[in-house]
Amino acid sequence: MFAAAVLLACSDGAGPGGDPPFPPFAPIVFVSTDDAGHSQLYSLDAESGVVTPITETTSNESEPHSAAGKLVFTSDRDGNSEIYTAANDGANVQRLTTNAAADFAPALSPDGSRVAFASDRSGIVRVYVMDASGANVAALATGSAASVPEQSPAWSPDGSMIAFASVSTGTSQVFVVAAAGGTAEQVTHEASGAFEPAWTADGTRIVYTPGVGNALHVVTLGTGATDAFPIESQDMGEPACDASYCVGALVPTSGAADLVAYTVSDHRRRVLLARSQDDRQPAFLVP
């Protein structure tokens with residue numbers, strides 16, 4: 001099952017028209033369904049096409065994120081949705097949260113010392129931060145009322161800011177706030193809503209999923225200018241970026257999701273993984 005059908009997609013942007021070759025692709029972690037129907041974490045070496053299991057459990061593992069040589073992810077292995085950490089290869093698993101509520105959508109700070117995550121432990125889904133050991137859990141102050149749902153936290157590349165999605169203006173939009181908390185700034189103004197923010201590696205832009213459409217959008221901080229990656233035949237979502245690429249999952253109305261990447265510099269398309277398994281929630285494995 002782990003023999004990947006990886007397509008390097010020369011016809012999608014590296015054809016005879018003089019386009020430069022694609023940059024090397026860093027390994028990624030992603031979620032797929034195993035033969036028993038459980039969601040598990042896998043790594044992909046896109047250059048060789050090798051897919052390797054990271055978790056092999058009888059529970060559901062999801063929402064991986066990597067920084068400073070380690071992973072955070074969500075698991076229901078202990079009965080409900082909690083946050084766990086491990087090495088990038090899946091070793092040394094440790095549970096970080098213990099709460100009757102659902103804890104999910106974890107993101108490591110770039111130095112690996114802090115974790116932001118979403119939880120409904122107050123009765124409303126809000127963003128929280130904690131040490132990477134699980135200690136010192138605190139709600140992230142954003143300037144909005146505690147009754148306003150906020151989720152999908154993402155750290156800026158320098159660790160100074162956190163982006164998140166909030167409905168404080170009536171429709172889900174992307175906001176940014178100091179990592180220490182403060183008054184958040186709205187950075188998207190999509191009529192259909194904006195979700196799932198992911199920072200570009202230079203910290204100047206945020207990629208996100210619009211509420212309607214078949215392409216990932218990107219907003220430039222400071223100017224508010226927006227752009228879009230190539231439109232797909234299916235909805236795109238779940239973006240993650242490094243210095244060379246942004247990767248996301250094609251979200252089908254039926255069938256299995258595929259993983260597709262775009263070059264950050266010129267938005268050329270590269271198919272990473274197209275197979276019968278449902279592959280989703282990609283993130284770059286950061287050493």
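Under a 3.5 Å cut-off, the side chain of T223 and the backbone N or O of A225 do form a donor-acceptor pair. With hydrogens and angles disregarded, no donor-acceptor distance shorter than 3.5 Å links the side chain of D131 to the backbone of G134. Remark: side-chain polar atoms of T220 are not paired, donor with acceptor, to backbone N or O of G224 under 3.5 angstrom. No donor-acceptor distance shorter than 3.5 angstrom exists from the side chain of K70 to the backbone of T85, with no hydrogens or angles considered. In this structure a side-chain-to-backbone donor-acceptor pair under 3.5 Å is missing from D120 to G123. The backbone N or O of A165 sits nowhere less than 3.5 Å from a side-chain atom of S172 that would complete a donor-acceptor pair. Not a single donor-acceptor pair under 3.5 Å links the side chain of T171 to the backbone N or O of G193. Under the 3.5 Å distance criterion, the side-chain polar atoms of E63 are matched with a main-chain donor or acceptor of A105. Remark: side-chain polar atoms of D235 are not paired, donor with acceptor, to backbone N or O of P252 under 3.5 angstrom. Proximity of a side-chain donor or acceptor of E47 to a complementary backbone N or O of G49 within less than 3.5 Å is not detected.
R270 and Y262 share no donor-acceptor pair across their side chains, judged by distance under 3.5 Å alone. Inspection of the D158 and S160 side chains reveals an N or O donor paired with an N or O acceptor under 3.5 Å. Looking only at atom types and distance, the side chain of Q281 has no donor-acceptor partner in the side chain of S62 under 3.5 Å away. Using modelled atom types, one finds no donor on one side chain facing an acceptor on the other under 3.5 Å when comparing T97 with N99.
Considering only heavy atoms from C-beta on, S168 comes within 4.5 Å of F175 through its side chain. A heavy-atom distance below 4.5 Å is not found between the side chains of V260 and V247. Using a 4.5 Å cut-off on side-chain heavy atoms (C-beta onward), P157 and D202 make no contact. With a 4.5 Å cut-off on side-chain heavy atoms, V174 and F195 do not count as touching. In this structure the side chain of P64 reaches within 4.5 angstrom of the side chain of V31, judged on heavy atoms. Residues D258 and R275 fail the side-chain proximity criterion, which asks for heavy atoms closer than 4.5 Å. Side-chain contact between L272 and L44: present, with at least one pair of heavy atoms (C-beta onward) separated by less than 4.5 Å. A 4.5 Å side-chain heavy-atom check between T183 and V177 finds every atom pair outside the cut-off.
Listed here is the closest heavy atom pair of L140 and A179: CD1-O, 3.7 Å. When all heavy atoms of V72 and P106 are compared, the closest pair comes out as CG2-CB, 3.8 Å. Pairing each heavy atom of P282 with each of I28, the nearest pair is CB-CD1, 4.2 Å. Taking every heavy atom of both residues into account, V148 and R126 meet most closely at O-NH1, 2.7 Å. The two residues T57 and S59 make their nearest non-hydrogen contact at OG1-OG, 2.9 Å. Closest approach of S276 and A256 over heavy atoms only: O-CB, 3.1 Å.
D103 pairs with exactly one of F117, Y84, Y128 by the side chain to side chain contact (heavy atoms under 4.5 Å, CB included) rule, that one being F117. Residue H38 is tested with N60, T55, D76 for a side chain to side chain contact (heavy atoms under 4.5 Å, CB included); the sole match is N60.
Atom OG1 of residue T33 and atom CD of residue Q277 lie 8.5 Å apart, to the nearest 0.5 angstrom. Between the CG atom in D278 and the OG atom in S32 there is a gap of 6.5 Å [rounded to 0.5 Å]. To the nearest 0.5 Å, the span separating CD on E61 from CD on Q40 amounts to 5.5 Å. Taking OH of Y42 as the start and OG1 of T52 as the end, the distance is 11.0 Å to the nearest 0.5 Å. Rounded to the nearest 0.5 Å, atoms CG (L108) and OG (S113) are 9.0 Å apart. Atom OG of S66 and atom CZ of F73 lie 12.0 Å apart (nearest 0.5 Å).
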Subject >> Criterion side chain to side chain donor-acceptor pair (under 3.5 Å) on E150 and S144, from CA distance to verdict >> reply: CA-CA 9 Å; E150 297 179 340; S144 68; 2.6 Å; yes
**OP:** Take D227 and H267, measure what side-chain contact (heavy atoms from CB on, under 4.5 Å) needs, and give me the verdict at the end.
**Re:** CA-CA 10 Å; D227 194 4; H267 296 184; 3.5 Å; yes
**OP:** Report the C-alpha distance between S166 and Q173 in whole Å, list the side-chain angles of each, state the deciding distance to 0.1 Å, and finish with yes or no for side-chain contact (heavy atoms from CB on, under 4.5 Å).
**Re:** CA-CA 6 Å; S166 173; Q173 300 294 339; over 6 Å; no
Original post:
Stepwise, does the side-chain contact (heavy atoms from CB on, under 4.5 Å) test hold for E56 with D34?
Top reply: CA-CA 9 Å; E56 296 179 277; D34 65 16; over 6 Å; no
**OP:** Decide yes or no on side-chain contact (heavy atoms from CB on, under 4.5 Å) for I206 and V218, but give the supporting numbers first.
**Re:** CA-CA 5 Å; I206 292 177; V218 57; over 6 Å; no
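Hydrophobic clustering (ILVMFWY, side-chain heavy atoms < 4.5 Å, transitive): I162 and L221 are in distinct clusters. Side-chain heavy atoms closer than 4.5 Å link hydrophobic residues (I, L, V, M, F, W, Y) into clusters, and following such links, even through other members, never connects L216 to V264. Hydrophobic clustering (side-chain heavy atoms under 4.5 Å, transitive across Ile, Leu, Val, Met, Phe, Trp, Tyr) keeps V176 apart from V207. By the rule that hydrophobic residues join a cluster once side-chain heavy atoms approach within less than 4.5 Å of another member, V187 and M161 end up as members of one cluster. No chain of hydrophobic side-chain contacts below 4.5 Å, direct or via other Ile, Leu, Val, Met, Phe, Trp or Tyr residues, connects W199 to W155.
One finds no salt bridge joining R268 and D19 here, because no Lys/Arg side-chain nitrogen approaches an Asp/Glu carboxylate oxygen to under 4.0 Å. Look at E82 and R95 and you find a salt bridge, because one of the NZ, NE, NH1 or NH2 atoms lies within 4.0 Å of a carboxylate O, short of that distance. Look at R280 and E196 and you find no salt bridge, because none of the NZ, NE, NH1 or NH2 atoms lies under 4.0 Å from a carboxylate O.
When ring centroids are compared, F25 and F284 come within the 6.0 Å threshold.
In this pair, H217 and Y208 present their aromatic rings perpendicular. The plane angle is above 60°, beyond the 30 to 60° band.
Evaluation of the ring pair (Phe, Tyr, Trp, His ring centres under 6.0 Å) test over residues 129-148, restricted to residues two or more places apart or in two chains, returns none.
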